[in-house]
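Everything on this sheet refers to the single structure shown next.
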Amino acid sequence: MKETSRQRLFYIFPLLYIISVYMAFISFFTEARIPFMHYFVFPPFIFGILNIIIAARCCKPEYYNIMFTSCILVKYCLVPFFIAGGFLVAGSFISGILFPMPPMLIVGFAQAAILCIAGWLVLAFGSPYTISYLVLSQKSGRRPKSMAVLHSILQFFFTADVIDIIFLSFRDHRCVKTSIIFIILLAISIIALVLIILFALFQIIV
């Protein structure tokens, strides 16, 4: 089914959500120098709620393809955010262990917990498009109800959600080229990161 100009406007909502998430991430590092930046913490949750409303209202057959494209957009574009967030969580957790003074221990673990909760909320608020797509696929007979429920549950777990989207992309023959490009870029990034870490360790040892 060919997308109409009106239907294409739908992509504004996932794009606004992605932008708001990265602005909130930037504010985490800049709020000390730029006071008003702390206000950017709130838009991801506002747009996240909007995601739920829009995905529910547009859970119609004519939005079937758009829903999957939107979930691909959100899930793939937020991968760098979750990788960076994972490093922040690990850093906060490690700082609490390396500096076992009571204040640092509490602060390190508390910060890691807060970051995990915030990250999970970002993950959850980015999942409505995938769930709407799965509901539509189940209603149209393309997917059993049990599988739709299983795939929906996976959207609320870190890493599993992206792996599941890749699987759905190949399984349903949708956005396959985009998924292949994403896998290649992700593999290159992981290899580059491993090499950088090994090089840093080598420099320390030498």
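This structure is a prediction, so every number in the text was calculated from the model and none was measured.
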task: Give the minimum heavy-atom separation between S27 and V41, together with the two atoms involved.
output: OG-CG2, 3.8 Å

- prompt: Should we count CZ of R142 as having more than 12 external heavy atoms under 6.0 Å?
  reply: yes

Distance (rounded to the nearest 0.5 Å) between I191 CD1 and L186 CG: 10.0 Å

message: Treating N51 as the side-chain partner and F125 as the backbone partner, does any N or O pair qualify as donor plus acceptor under 3.5 Å?
response: yes

message: I'd like to know whether L78 forms a side chain to side chain contact (heavy atoms under 4.5 Å, CB included) with Y22, so could you lay out the CA-CA distance, the side-chain angles of the two residues, the decisive distance to 0.1 Å, and finally the verdict.
response: CA-CA 8 Å; L78 288 182; Y22 280 104; 3.9 Å; yes

query: Yes or no on side chain to side chain contact (heavy atoms under 4.5 Å, CB included) for V21 and V74, after CA distance, side-chain angles and deciding distance?
result: CA-CA 10 Å; V21 168; V74 171; over 6 Å; no

field: H151 NE2 to L168 CG distance, which is reported to the nearest 0.5 Å
entry: 5.0 Å

message: Please report the interatomic distance CD1(I184) to OG(S189), rounded to the nearest 0.5 Å.
response: 11.5 Å

- request: Indicate if I131 and I153 have the same hydrophobic cluster label, given that clusters are the connected sets of ILVMFWY residues with side-chain heavy-atom separations under 4.5 angstrom.
  value: no

- prompt: Under the side chain to side chain contact (heavy atoms under 4.5 Å, CB included) criterion, do Y11 and I66 qualify, and how do the steps go?
  reply: CA-CA 8 Å; Y11 296 123; I66 293 174; 3.7 Å; yes

task: Give me the ring orientation class for F156 and W120: parallel if the planes are under 30° apart, tilted from 30 to 60°, perpendicular past 60°.
output: tilted

field: Heavy-atom closest pair, residues L73 and I18
entry: O-CD1, 3.5 Å

query: Under the side-chain hydrogen bond (donor to acceptor under 3.5 Å, both in side chains) criterion, do S179 and Y76 qualify, and how do the steps go?
result: CA-CA 9 Å; S179 295; Y76 288 178; 2.8 Å; yes

- request: Is it possible for you to say whether I188 and L193 belong to one hydrophobic cluster, with membership spreading through side-chain heavy-atom contacts below 4.5 Å?
  value: yes

Cluster link F87 to L115, ILVMFWY, side chain under 4.5 Å: yes

- request: State, to 0.1 Å, how close Y17 and P44 come at their nearest heavy-atom pair, and which atoms those are.
  value: CE1-O, 3.2 Å

message: If you apply the rule side chain to side chain contact (heavy atoms under 4.5 Å, CB included), what do you find for S152 with T130, and how did you get there?
response: CA-CA 7 Å; S152 296; T130 312; over 6 Å; no

- prompt: Does L15 share a hydrophobic cluster with I12, counting links as ILVMFWY side-chain heavy atoms below 4.5 Å and allowing steps through other members?
  reply: yes

- prompt: Only one of F10, F68, Y64, Y63 forms a ring-ring contact (aromatic ring centres under 6.0 Å, His included) with Y129, so which one is it?
  reply: F10

- request: Supply the atom-to-atom distance S169 OG to K75 NZ, rounded to the nearest 0.5 angstrom.
  value: 14.0 Å

- prompt: Do I53 and L136 sit in the same hydrophobic cluster, where Ile, Leu, Val, Met, Phe, Trp and Tyr count as joined when their side-chain heavy atoms come under 4.5 Å apart?
  reply: yes

- request: Supply the atom-to-atom distance L88 CG to I114 CD1, rounded to the nearest 0.5 angstrom.
  value: 13.0 Å

message: Between S132 (side chain only) and A55 (backbone N and O only), is there a donor and an acceptor less than 3.5 Å apart?
response: yes

Heavy-atom closest pair, residues R57 and K60: O-CE, 3.2 Å

task: Would you check if V122 and F25 make a side-chain contact, meaning some heavy-atom pair closer than 4.5 Å?
output: no

query: Hey, does I72 have a side-chain heavy atom less than 4.5 Å from the side chain of F182?
result: no

F158 versus L123, closest heavy-atom pair with distance: N-CD2, 3.8 Å

message: I'd like to check C58 versus M67 (side-chain heavy atoms, cut-off strictly below 4.5 Å). Are they in contact?
response: yes

field: Rounded distance (nearest 0.5 Å) linking atom CD1 of I165 with atom OG1 of T178
entry: 12.5 Å

- prompt: Mind checking whether F157 and D164 have side chains closer than 4.5 Å, heavy atoms only?
  reply: no

query: At their closest point, which heavy atom of V89 faces which heavy atom of C116, and how far apart are they?
result: CG1-SG, 3.7 Å

- prompt: Can you find a heavy atom in the side chain of F170 that is under 4.5 Å from one in the side chain of I180?
  reply: yes

